[in-house]
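What's counted below: heavy atoms across the whole structure, side chains too, no hydrogens, waters or symmetry copies.
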Amino acid sequence: MNILVTGAAGFIGSHFVRTLLDGGYPGHEGDRVTVLDKLTYAGTLANLPPHHARLDFVQGDICDAELLEKVFPGHDAVVHFAAESHVDRSVEGAEAFVRTNVLGTQALLEAALRHDVGVFVQVSTDETYGSIDEGRWNEDEPLLPNSPYAASKAAADLIARSYWRTHGLDVRITRCANNYGPGQHPEKLIPLFVTRLLDGEPVPLYGDGANLREWLHVDDHCHAVRLVLDGGRAGEVYNVGGGTHLSNREMTGRLLALCGRDWDLVRHVADRKGHDFRYAVDDGKIRRELGYAPRWSLEDGLRETVAWYATHRDHWEPREDREAGSTKT
Ligand code: NAD
Ligand code: TDX
């Protein structure tokens, strides 16, 4: 199989590609992979193997239809990770989010249709459903996104679905919980806090810290994407959960303990505008239909993640924009 993977010099897509090339996905040992990535502030070639016989890297924009005409021929499947992904940045300015997440996805769908690509996996997010005070969303919930980021992902999902309904393109959508793990850009909660705490610097907790998130190890998420690529059904949405819900305050407590720091480093700062209170997905469908089950406990995953940041300073220290978009202390 020849797979085109967009956005794979970022956090999640690169984990997917490295695992595939390492033989981690049975049946894909001979696959060739083309990565298409613009290498925005969020992408770095350090996330990918420098040379691999079955990997090609193309630096480019998913909105560039001419480039897509050259890249697409010969590919059997698209796994679409590329996106502007940070909520705080979308609050500062939404244009890049609409451009990449909406128009870029539409350009890819159009190219997939023209080049008869067999499967298109649209990697999306639980944030498209909005915020839920109790219970869990299943895949039939209406989309009520609150941030410009979430709205741009919801728009992309709907356009993707329309290419299935109208043109018969085999589009499959995944909506997952908050990812964490080695190699995440240090603008997101866990890596921001870990990199700061390792250096004994203060961390900014938004509002009262009561907001809740469901946490999913990146390896479990990528495993789910692979299951959907191999066995998902056209036009279907699959939620992917991690199973562990924590308030940001509880998460902060765990990170302080793992980094050997105290609460005196925690600063309560102004809340994020429109801050979603809680996300929680019902992922019974992917468990029943495709045999998905998360393999990482949050305890093991956080320990591994903190150890990775402690031993890979060369990966995150040069990324001086690591705090851009988040409220400073
Ligand atoms: P990331 O920000 O780490 O990486 C995004 C990648 O996309 C970067 O390499 C960047 O260079 C590339 N990119 C951005 N704009 C581009 C463009 N116009 N053309 C080509 N490449 C472009 O993101 P991530 O955390 O790895 O997220 C991957 C996907 O998973 C996104 O679609 C995101 O919405 C989704 N998702 C992420 C999470 C999470 O917790 N991180 C949770 C749910 C869903
Ligand atoms: O400095 C911070 N302080 C803080 O309290 C940051 C960066 C975040 N937070 C809070 C806001 C959220 O309640 O922590 C929680 C997690 O924040 P983020 O890491 O920014 O993630 P979130 O906004 O939940 O969105 C993430 O999960 C869904 C990803 O960034 C999205 O790409 C994904 O779709």
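- When atom types are taken as modelled, the side chain of Thr100 and the backbone of Phe97 share no donor-acceptor pair closer than 3.5 angstrom.
- For an aromatic pair to be called close, the ring centres must be under 6.0 Å apart, and His217 with Tyr180 satisfies this.
- Between Arg18 and Asp22 there is no salt bridge, since none of the side-chain N atoms of the basic residue sits less than 4.0 Å from a carboxylate O of the acidic one.
- Nearest heavy-atom pair across Asn146 and Ser131 is ND2-N, 3.8 Å.
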(message) Assess the residue pair Asp76 and Val117 against the criterion (side-chain contact (heavy atoms from CB on, under 4.5 Å)); give the C-alpha distance rounded to whole Å, side-chain angles, the decisive distance to 0.1 Å, and a yes or no.
(response) CA-CA 5 Å; Asp76 310 299; Val117 164; over 6 Å; no
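- Ring centers of Phe16 and His221: at least 6.0 Å apart, outside the cut-off.
- Both tests hold for Arg213 against Tyr279: distance to the six-membered ring centre under 6.0 Å, angle to the ring axis within 45°.
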(request) Let me see the working for Glu304 and Trp296 under side-chain contact (heavy atoms from CB on, under 4.5 Å), right down to the final yes or no. (result) CA-CA 10 Å; Glu304 177 227 27; Trp296 281 84; 3.6 Å; yes
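- Of all heavy-atom pairs between Leu246 and Glu250, the closest is CA-OE1, 3.3 Å.
- No side-chain donor-acceptor contact under 3.5 Å links Thr166 to the backbone of Tyr163.
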(request) Run the numbers on Glu236 and Lys285 for salt bridge (Lys or Arg N to Asp or Glu O under 4.0 Å), then give the verdict. (result) CA-CA 10 Å; Glu236 294 292 321; Lys285 179 175 172 181; 2.6 Å; yes
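- For the atom pair CG (Asp220) and OH (Tyr292), the distance works out to 4.5 Å, reported to the nearest 0.5 Å.
- Side-chain contact check for Leu39 versus Phe57: some heavy-atom pair is nearer than 4.5 Å.
- Salt-bridge formation is detected for the pair Glu69/Arg114: a Lys NZ or Arg NE/NH1/NH2 atom is positioned less than 4.0 Å from an Asp or Glu carboxylate oxygen.
- Both Leu189 and Leu258 belong to a single network of hydrophobic side chains, linked directly or stepwise wherever heavy atoms of I, L, V, M, F, W or Y lie under 4.5 Å apart.
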(message) Run Thr6 and Val79 through side-chain contact (heavy atoms from CB on, under 4.5 Å) and show every step you take.
(response) CA-CA 6 Å; Thr6 71; Val79 184; over 6 Å; no
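- Under the 3.5 Å distance criterion, the side-chain polar atoms of Glu214 are matched with a main-chain donor or acceptor of Gly243.
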(request) Give the C-alpha distance, both sets of side-chain angles, the deciding distance and a yes or no for side-chain contact (heavy atoms from CB on, under 4.5 Å) between Leu67 and Val58. (result) CA-CA 10 Å; Leu67 175 65; Val58 178; 4.2 Å; yes
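- The CG atom of Leu113 lies 12.0 Å from the CG atom of Asp170; values are rounded to the nearest 0.5 Å.
- Using a 4.5 Å heavy-atom cutoff, the side chains of Asn239 and Cys176 are not in contact.
- Side chain to side chain, Gln122 and Asp157 meet the donor-acceptor criterion of an N or O pair below 3.5 Å.
- Residues Ile173 and Ala160 share a closest heavy-atom pair of CD1-CB, 4.5 Å.
- Taken from CG in Leu216 to CG in Asn178, the straight-line distance is 9.0 Å, to the nearest 0.5 Å.
- The CG atom of Leu48 sits 8.0 Å away from the CG atom of Asp37 when rounded to the nearest 0.5 Å.
- Residues Cys259 and Val306 share a closest heavy-atom pair of SG-CG1, 4.0 Å.
- Inter-residue side-chain proximity for Ser152 and Glu84 is flagged as unmet; no heavy-atom pair is nearer than 4.5 Å.
- Side-chain contact between Val87 and Glu127 is present, with at least one heavy-atom pair separated by less than 4.5 Å.
- Checking side-chain atoms of Asp276 against main-chain N and O of Arg278 turns up no donor-acceptor pair under 3.5 Å.
- Leu109 has its side chain within reach of Ile159: a pair of non-hydrogen atoms, C-beta onward, lies under 4.5 Å apart.
- Using modelled atom types, one finds a donor on one side chain and an acceptor on the other under 3.5 Å when comparing Asp219 with His15.
- The cationic group of Arg89 lies under 6.0 Å from the six-membered ring centre of Tyr41 and within 45° of the ring axis, placing it in a cation-pi geometry.
- Nearest heavy-atom pair, Ser124 versus Lys153, reported as atom, atom and distance to 0.1 Å: CA-CE, 3.9 Å.
- Of the possible polar contacts, one joining the Arg261 side chain to the Leu197 backbone as a donor-acceptor pair under 3.5 Å is found.
- From Ile62, atom CD1 reaches atom CD of Gln106 across 10.5 Å, with rounding to the nearest 0.5 Å.
- Between Thr105 and His80, the closest side-chain pair of non-hydrogen atoms falls below 4.5 Å.
- Surrounding CZ of Arg136 are more than 12 heavy atoms belonging to other residues, nucleotides or ligands, all under 6.0 Å away.
- The cluster map of Ile, Leu, Val, Met, Phe, Trp and Tyr, joined by side-chain heavy atoms under 4.5 Å apart, puts Phe72 and Val17 in different clusters.
- For the atom pair CD (Glu29) and CZ (Arg54), the distance works out to 8.0 Å, reported to the nearest 0.5 Å.
- Side chain of Gln184 to backbone of Phe11: no donor-acceptor contact under 3.5 angstrom is found.
- The backbone N or O of Glu66 lies less than 3.5 Å from a partner atom in the side chain of Asp64, making a donor-acceptor pair.
- A cation-pi geometry, defined here as NZ or CZ lying under 6.0 Å from the six-membered ring centre and within 45° of its normal, does not hold between Arg175 and Trp137.
- Of the possible polar contacts, one joining the Ser297 side chain to the Asp300 backbone as a donor-acceptor pair under 3.5 Å is found.
- Remark: side-chain polar atoms of Asn2 are paired, donor with acceptor, to backbone N or O of Gly74 under 3.5 angstrom.
- Leu103 and Leu4 end up in different hydrophobic clusters when Ile, Leu, Val, Met, Phe, Trp and Tyr side chains are linked at under 4.5 Å.
- At least one side-chain heavy atom of Asn47 sits less than 4.5 Å from a side-chain heavy atom of Thr44.
- Between Leu36 and Val5 there is no side-chain heavy-atom pair separated by less than 4.5 Å.
- A single hydrophobic cluster is seen to contain both Val225 and Val33, as judged by linkage of ILVMFWY side chains at heavy-atom distances under 4.5 Å, directly or through other members.
- Between His315 and Trp308, the ring centre distance stays below 6.0 Å.
- Note on Asp56 versus Arg32: salt bridge recorded, some NZ/NE/NH1/NH2 to OD/OE distance being below 4.0 Å.
- Taking each heavy atom of Arg233 and Arg172 in turn, the nearest pair found is O-CG, 3.5 Å.
- A donor-acceptor pair is defined here as one N or O able to donate and one able to accept, closer than 3.5 Å; no such pair exists between the side chain of His167 and the backbone of Leu169.
- Remark: the Lys273 side chain and the Ser147 side chain contain no N/O donor-acceptor pair separated by less than 3.5 Å.
- Under 4.0 Å is where a charged nitrogen must lie from a carboxylate oxygen, and between Arg287 and Asp283 at least one such pair does.
- For the pair Arg313 and Asp199, the salt-bridge criterion is met [side-chain N within less than 4.0 Å of a carboxylate O].
- One hydrophobic cluster, built from ILVMFWY side chains closer than 4.5 Å, cannot hold both Val240 and Leu212; they sit in different ones.
- Defined by atom type and a distance below 3.5 Å, a donor-acceptor pair is present between the side-chain atoms of Asp88 and Tyr206.
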